Amino acid sequence: MKKTILLLSACWMMQAHAQQAPIPYHNTIAVDAGDSPDEIIRKAAHVVPTANQYAALRNEFIAFIHVGPNTFTRMEWGNGKEDPAIFDLKTLNTDQWCAAMKAAGMKMVIITVKHHDGFVLWQSRYTKHGIMSTGFRNGKGDVLRDLSASLKKYGLKLGIYLSPADLYQIENPEGLYGNLSKYTKRTIPRAVPGRPFANKTKFQFEVDDYNEYFLNQLFELLTEYGPVHEVWFDGAHPKTKGGQQYNYAAWKQLIHTLAPKAVIFGKEDIRWCGNESGRTRAEEWNVIPYTANPNTASHFPDLEADSLGQRSKLLSAKYLHYQQAETNTSIREGWFYRDDTRQKVRSTDDVFDIYERSVGGNSTFLLNIPPNREGRFSPADSIVLYETGRRIRETYGSSLFKSAKGPQAVLDNNPGTALQLKGKSGDFEITTPKPVTINRIVLQEAIQTRSERVEKHAVDAWIGGEWKEIAHSANIGYKRILRFPDVTASRFRVRIIESRLAPAISTISAHYYRSRPPQLAISQSADGMVTIAPLQPEFNWKPHGENATQNLSANFDIRYTTDGSAPNAQSRKYEGPFRMTAGEVKAISVQHQETSGVASQTIGLAKNAWKLVNASSERNTRPATAAFDANPKTFWQSGDGGAHSITIDLGTTHDLKGFAYTPQTLHAEGMMAKGRILVSADGQTWQPSETFEFGNLINDPTTRYHYFKNSVKTRFVKIEATETAAGSASVAIAEIGFFE
C-alpha cells in the first residue's frame, strides 16, 4: 500500500513538474489533448508576434487607396466587362496624396492595384485589361510607379492590394479564372519577350493557369516597385467559376522570398476586424484560438464575433496564434470616389475617435481615402486628414510624464525595456514634479518578449488625500489608450488587477486632449420631449454606433433658452429631456470658458396623437407613419408616378403657424422641392392654404421651414408634392412637423 501511495505521489509530482516546464515564446503554440485550462492560458501567455507583425503594429495608422474604373462609373464593384477606356484619368498627383497622408500621421499606404473587376493600375506584362489600354499618358501611365516614387519622397511604406477574385478573367471568353486548366509545373515569372526582369529569382510551382497568372503579377509587384511591407488579400468573391482554387502555399512562398518584411493580410499574419465601419471591440485580443495550424492552413475565415481571445474562447483551441486586427473603414461613404455633393465625408471628430479606439485598442487603423477623377484627394478629405494629424501630434506628441519619477523601464519610452511584475497582479506609482492636468493615459505591454497578459487594469490619481480611480479597462496588449475627464494631480497609480501570467509593462505616458465644446443638436420625441445632445454628423455608410463628438467632448455644460433669446454661460443648464408645447429652443455647449455655436430648433406639436388618414401611392416597404415618428433616419417614400400626398389627423384642432420638412438623405430621390398645403376641419372638405418651395435640397438636405402668411386653424392637414428636386417620380419624407 505504501509503495502504491509513493508511486502515485511521484507520478503527481512529475506531472505537476511537467506542467510547469518552461514554454518557449513562439508565434504559434499547439494545445495538447491533456492540457488543463491553466496550462492553456499559460501557453497563451507565451504567444508573441513575429518581427514583421510587430513592425506592422508600430505603423499604427495606415492608408488605403481605392481607385480604378469604379471611380468613373461610380460603382462600388465593377463587373469585369468595363471597357478600359472608362478609366479616363487625365491628371495624377500622388505627391498630394502622400503629403496629406504624411500630415495625418500615417506610416504606410496600401493601394488596390487590382480590384475585383480585374483592371490593373500598373504596366503588367500579363494582361491588357488595365491602364496600358487607357488614354492615360497615351497608355504608358503607371499609377503604382508614381505612387512608389512619392512614397519614397515622403518616407512612407508601400502595401499592395491584389484581389484574388477577378471578374475580367471570369467573364472574358479567354479568361484564365476557372478555365479547368491542368496543374503542371511552371516557372515563375514566365518570360515575356522584350520585358526582362532585373530580379533573376526563379520559382517552380505546380499550378493551373489562373494561379500562374496571379503569381506572375505578384512577382512584378514585389520586385519592380520598391520594398513591399504588406500584401492585402480580400476574401470577397462577387462571382466564381469552374471550381477555381487558390494555391496559397505558392503565393506565400513567393511573398516570403521576394518581400521578406511583408505581412500578409487575410491570412496568418493580419486579420480583418470583422466590420468596415470603424467599430472596435471592447477587448481586442491578438492571441486567438485556431482549430488547425494557421502556419500551414490555406483557408482563414472572417472572425466577426464580439469576443475572440478571452479565456473562455482559448480553452477550445487546438492552436494558439498571434494574429493582429486591422480596423479598416473609409473616410467617404464607400470605398471608391463618387462625387463631392452627395457622398459624405467623415468628420475629423469621427476619424480621431476611431484612431483612439483602434490604435488605442490593440489594433491598426486602416483608413481608406479614394482619389477623385482628377487624380487628387478632394479638399474635404484632405482637410480631415490634416486636422486629424494635427490633433494626434498635439495630443500624443509628448508625454506629460516626461519628467516624472517612477519605474524607469516604463518611463524611458523604450519598447525594449519593461517592468516585469512578480505576480499576476500588482501596482506601481508615477509622481510628477508638480500637478499636471491629463485626460489620456497610454499603456503598452512588452508583447514582443512577454506576450499580452493583462486582463484587467485601472489607473488612480491621488486627489484630496486619497486614491480615486480615474479609468479602468480590460486588456492592454500592444497599446491601450484610456480616456477620461480632466484630472489634475501629481501622483498616479497603475493597478494590474488580473493577468494570465506575470505581465511586463513596457510604456506609460500621460497626455491631454484639448476637447472643443461640441456643436449641438436639438430634437423632439413623438410625445413632445425635447433633447439636447452633441451633434452627430450624418454619415450614411456602415454605422459603427459610436457618438464620436460625445466620446471626445468631456466636462462640458449645455446651456439653453426657450424664449428666443441668445443663450450664454449663465443660461439655464440642461439636465435632461424636458417638455414644452411650442416655441424655439436655442442652446450652446460651454467648456473652459469656450462656447460652441448656437443650435436652434423650433419645437412643434407632439406627434404621439397623430394618425395617418391617407398616403397616396405608398410603398409598402416604407410606411407613411415614418414621416412623423420623430426619427429622421426612417422615411416614407411614395410609389412612382401620379399625385403624391400624405394626410395627417393631428388629433385636435390647432392654430398652425407653419411646418417643417426633413428630406431623406440616403439618396437624392424624392426630395420635395415644391408643393401645397390643404387643411380641413373634418377630413372631408378641403381648403387650399399655402404653397411652398425648398431650394438646393440635394446639396443641402437639412430640415426646411415654411411659415404661413396667416395662422391656420385646423385638425387635418394634407401635404401634396408638385415637384421633386431631382425630377424623380416618387416623393420621400423623413420627417414632418407642425408648430403653433
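All residue numbers refer to positions in the sequence shown, counting from 1. What you see is a predicted model; the values in this text were computed from it and never measured.
- Heavy-atom minimum distance, V228 versus V231: CG1-CG2, 4.2 Å.
- Nearest heavy atoms, H116 versus A236: NE2-CB, 3.7 Å.
- Atom CG of N293 has more than 12 heavy atoms from other residues, nucleotides or ligands within 6.0 Å.
- In this structure, K456 places its NZ atom where only 12 or fewer heavy-atom neighbours from other residues, nucleotides or ligands lie under 6.0 Å away.
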(message) Under the criterion side chain to side chain donor-acceptor pair (under 3.5 Å), I'd like the reasoning laid out for Q536 against D350: C-alpha separation, chi angles, the key distance, then a yes or no.
(response) CA-CA 9 Å; Q536 181 73 348; D350 198 8; 5.7 Å; no
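- At most 12 heavy atoms of other shown residues, nucleotides or ligands fall within 6.0 angstrom of atom CZ in R58.
- R281 and E284 are joined by a salt bridge, as a carboxylate oxygen and a charged side-chain nitrogen come within less than 4.0 angstrom of each other.
- Within 6.0 Å of the NE2 atom in H237, the count of heavy atoms belonging to other residues, nucleotides or ligands exceeds 12.
- Under the 6.0 Å distance and 45° angle rule, R271 does not count as a cation-pi partner of W285.
- A salt bridge is absent between E455 and K424; no separation between the charged side-chain nitrogens and carboxylate oxygens falls under 4.0 Å.
- Remark: E60 engages K479 in a salt bridge, criterion side-chain N to carboxylate O under 4.0 Å.
- Put simply, CE on M101 and CD on Q96 are 9.0 Å apart, with the number rounded to the nearest 0.5 Å.
- Note on D381 versus R332: salt bridge recorded, some NZ/NE/NH1/NH2 to OD/OE distance being below 4.0 Å.
- Taking the six-membered ring where the residue is Trp, Y512 and H592 present tilted rings, their angle falling between 30° and 60°.
- Taking every heavy atom of both residues into account, C98 and L151 meet most closely at SG-CD2, 3.7 Å.
- E356 pairs in a side-chain contact (heavy atoms from CB on, under 4.5 Å) with only one of the listed residues (V442, I392, L552), which is L552.
- For the residue pair F539 and S330, the shortest heavy atom distance occurs at CZ-O, 3.9 Å.
- With ring centers used as reference points, Y396 lies 6.0 Å or more from Y513.
- Using a 4.0 Å cut-off between a side-chain N of Lys or Arg and a carboxylate O of Asp or Glu, E594 and R514 qualify as a salt bridge.
- In terms of heavy atoms, F233 sits closest to L162 at CD2-O, 3.6 Å.
- Taking the six-membered ring for Trp, Y248 and H299 have ring centres at least 6.0 Å apart.
- Between Y161 and F265, the ring center distance fails the sub-6.0 Å criterion.
- Taking 4.0 Å as the cut-off between side-chain N and carboxylate O, R495 and E469 count as a salt-bridged pair.
- Of all the heavy atoms in S596 and P517, the pair that sits closest is CB-O, 3.7 Å.
- The aromatic rings of F61 and F365 lie parallel to each other, with less than 30° between the two planes, well short of the 60° mark.
- Taking the six-membered ring for Trp and the full ring otherwise, the centers of H115 and H66 sit less than 6.0 Å from each other.
- Classification of D353 and R483 as a salt-bridged pair holds, one side-chain N sitting under 4.0 Å from a carboxylate O.
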(message) Is there a side chain to side chain contact (heavy atoms under 4.5 Å, CB included) between K153 and D95? Walk through the geometry before answering.
(response) CA-CA 8 Å; K153 185 185 301 186; D95 275 3; 2.7 Å; yes
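- Residues V109 and L158 form no side-chain contact, since every pair of their non-hydrogen atoms from C-beta on lies 4.5 Å or further apart.
- Ion pairing of R493 with E429 is absent here, as no side-chain N (NZ or NE/NH1/NH2) approaches a carboxylate O to less than 4.0 Å.
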(message) Run the side chain to side chain contact (heavy atoms under 4.5 Å, CB included) test on R74 and Q343 for me, step by step, so that the C-alpha distance in whole Å, both residues' side-chain angles and the decisive distance to 0.1 Å come before the verdict.
(response) CA-CA 11 Å; R74 296 170 170 82; Q343 188 184 27; over 6 Å; no
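- Taking the six-membered ring where the residue is Trp, Y290 and H321 present perpendicular rings, their angle passing 60° and hence far from 30°.
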